[in-house]
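Everything below concerns the one structure shown next.
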2 protein chains.
Amino acid sequence: MDLRRLRYFIAVAEELHFGRAARRLHISQPPLSQQIQTLEQEVGVALFERTGHRISLTDAGRELLPRARLVLAQAEAAKTAVQRVGRGESGALELGFTGSLPFTPVMPRVLHDFRRAYPGVQLQLRELSTREQIERLTAETLDVGFFRPTRHELLEQLETRVVLREPLLLALHADNPLARRKRLPLAALTQEPFILYSRSVSTGLHDQILALCLKAGFAPRIVQEVHEMPTIIGLVAAGVGVALVAASMRQIHVPGVVFLPLAETGVATDILLAWKRGGESAALRNFLAIALSEAK
Amino acid sequence: MDLRRLRYFIAVAEELHFGRAARRLHISQPPLSQQIQTLEQEVGVALFERTGHRISLTDAGRELLPRARLVLAQAEAAKTAVQRVGRGESGALELGFTGSLPFTPVMPRVLHDFRRAYPGVQLQLRELSTREQIERLTAETLDVGFFRPTRHELLEQLETRVVLREPLLLALHADNPLARRKRLPLAALTQEPFILYSRSVSTGLHDQILALCLKAGFAPRIVQEVHEMPTIIGLVAAGVGVALVAASMRQIHVPGVVFLPLAETGVATDILLAWKRGGESAALRNFLAIALSEAK
DNA sequence: ATATTTGATATGTTATCCATATCATGGATC
DNA sequence: GATCCATGATATGGATAACATATCAAATAT
């Protein structure tokens, strides 16, 4: 199983024509036929069906094609990553985060410290939903991600650490009579219109808040679902309704929005750092070291 | 970037000793040094630091090690996956069957045994009429099918085997006076209302039963045509008429339906296994091996 | 029936890979 | 500090593998 043979195989599988594939590979046709035959001998399975004038992939060939592409892509990625390190850029790191994270104390601090400690690392920031982050982390098209707890079947393939736990606060409009109180029990919100996190995108918070309300004895009247926390603040300012948000949302100063602690204790939301187990790059290891040391 | 070179690199990186790594790779030391140098030239970065007596990984080498492992592992996985498909241990198989087949002893047993022997094969079951199966088998949008004999011009393009021969029984309602007899000659049914198989969908059974009746000296009074055997049982139970059904229909226990053997001997219906000649996938070959070995 | 296109085969050349032999250098030992 | 040992690099020749040119056999198209 040679990378060159895999490359040849992909060319033939894509062109479905030995001659064209050979031209694309800048070799002549006979050695290509020969290499494919060698590859087929090696795996012990026919990869193409040669029925006279035209060829087609066998089941085995169809199985191999995407895998061969993956192997080649990863080899290529390894090469460029190594070269980047060689040029002193010491690697690249793609970091995912949800919209609320930049307002928390943890993400800015980690970024700042990492940038100072490893100025050579090319740090790419990507705002992505929790779900997208989990999918890209498992597919290894993202190195590390910040998000809040959720349910997702791929989560168990990832390594996660809680890096911050912050209380949930009630955000409501200053004109609301309840805004004059010092703290509020959830039960006081029975009649309030609720802004909630989207069930499909922010499953964890959606379910958590719903469960809290039910425990307090009422089902919230949901007037709006949103994807990201900061959006909520805008809606609260616009008088659309009340919402439960992480304490760090207080960072966002919008006239007319008041934050109140809940009377209930222990109502909080975690911030997680997640990455794929095994095969951590040097840059990722360094990032994790900094992020986790600041986590307590 | 050759897979061999990556393998060599991993060995040296793990042993941190060219001699030991060479021994592990069953080659001598000089070519190993040479291959590592070639690899370093290829990526343009030093992977090891040779400081006199001992060597260590450079940052670039540390970056490469986990990635090289990943590439090799995935190449290996691709190989075994392809081989599994080649051996028919994985892949997909689409199986057609008519409505009466699940009640026969042969189809459930074959499915059970095949699933146990080749759990990796994705087995798709499709309830299809005999005609549809024949058309899809010749068009190769179906891999294999179970049905009863019929006339169809495309049949000669298919390979067929009889996997079970079962007697035809008379199904009639318990209230029918004839139901008290132990066995019945066909001639006793001259005046009975007949439920028959649709001429267009189940040509074989339709013609067979019509011929039997004519041979017994009467033309049956057909009150209803149906597409599938199990449907008949329901109609018999409803008192619509009498019918000839395969013995395995006795599996369907519906109150009010009585099954009686015919006085005539040798009145039976076959169950066929059919597939398209040539180009059998490995999974299909394995399926046929199991199905035909149980056919006797 | 003939021409054309396709992938497979034959053969010689070149490049790659490996083994044996040898060299250069950094530590360890006396 | 001279010697010895271990380690990786270099030199050289032979085996293997990959390639190009020339050619073939079979399937289509004209």
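Throughout, a chain's letter reflects where its sequence line sits, starting with A, and its residues are numbered from 1. Quantities reported herein were computed from a predicted structural model and do not represent experimental measurements.
Between the CG atom of B:Leu32 and the P atom of D:dG8 there is a distance of 9 Å, rounded to whole Å. One atom, CD of B:Gln29, and another, C1' of C:dC17, lie 15 Å apart when rounded to the nearest Å. B:Leu16 places its CG atom 16 Å from the C1' atom of D:dA6, with the value rounded to the nearest Å. Here D:dA25 presents its C1' atom at 16 Å from CZ of A:Phe18, a figure rounded to the nearest Å. Taking atom CD1 of residue A:Ile27 and atom C1' of nucleotide C:dA15, one finds them 15 Å apart after rounding to whole Å. One interatomic measurement links the two molecules: NE2 of A:His26 to P of D:dA20, which rounds to 11 Å at whole-angstrom precision. A:Leu25 places its CG atom 15 Å from the C1' atom of D:dA20, with the value rounded to the nearest Å. The distance between atom CG of B:Leu3 and atom P of C:dC17, rounded to the nearest whole Å, is 13 Å.
Each of D:dT21, D:dT10, D:dA17 was ranked by its minimum atom distance to the side chain of A:Arg5; first place goes to D:dA17. The listed nucleotides are D:dA18, D:dA9, C:dC17; the one nearest the side chain of B:Asp2 is C:dC17. Distance from the side chain of B:Gln35 is smallest to C:dC17 among C:dG7, D:dA9, C:dC17. Comparing D:dA20, C:dA8, C:dC18 by their nearest atom to the side chain of B:Pro31 picks out C:dC18. Checked against C:dC18, D:dA11, C:dG7, the side chain of A:Arg50 finds its nearest nucleotide in C:dG7. In this structure, of C:dT20, C:dA19, C:dG7, it is C:dT20 that holds the atom nearest to the side chain of B:Pro30. Comparing D:dT21, D:dT7, C:dG7 against the side chain of A:Ser33 picks out C:dG7 as the nearest. In this structure, the nucleotide among D:dC19, D:dT7, C:dA19 sitting nearest to the side chain of B:His17 is D:dT7.
Using a 4.0 Å cut-off between a side-chain N of Lys or Arg and a carboxylate O of Asp or Glu, B:Glu14 and B:Arg24 qualify as a salt bridge. A salt bridge does not link B:Arg148 with B:Asp270: every distance from a Lys NZ or Arg NE/NH1/NH2 to an Asp or Glu carboxylate oxygen is 4.0 Å or more. B:Lys276 has no carboxylate O lying under 4.0 Å from a charged side-chain N of B:Glu135, or vice versa, which leaves the two without a salt bridge. With respect to A:Lys79 and B:Glu42, no salt bridge is recorded, no charged nitrogen being found less than 4.0 Å from a carboxylate O.
OP1 or OP2 of C:dT6 has not a single side-chain nitrogen or oxygen of A:Arg54 nearer than 4.0 Å. A close approach under 4.0 Å does not occur between any side-chain nitrogen or oxygen of A:Gln34 and OP1 or OP2 of C:dT9. Between D:dG8 and B:Gln37, no contact under 4.0 Å exists linking OP1 or OP2 to a side-chain N or O.
At a threshold of 4.5 Å between non-hydrogen side-chain atoms, the residues B:Arg67 and A:Gln74 do not count as touching.
Nucleic acid contact class of B:Tyr8 (heavy atoms, under 4.0 Å, all strands): sugar-phosphate only.
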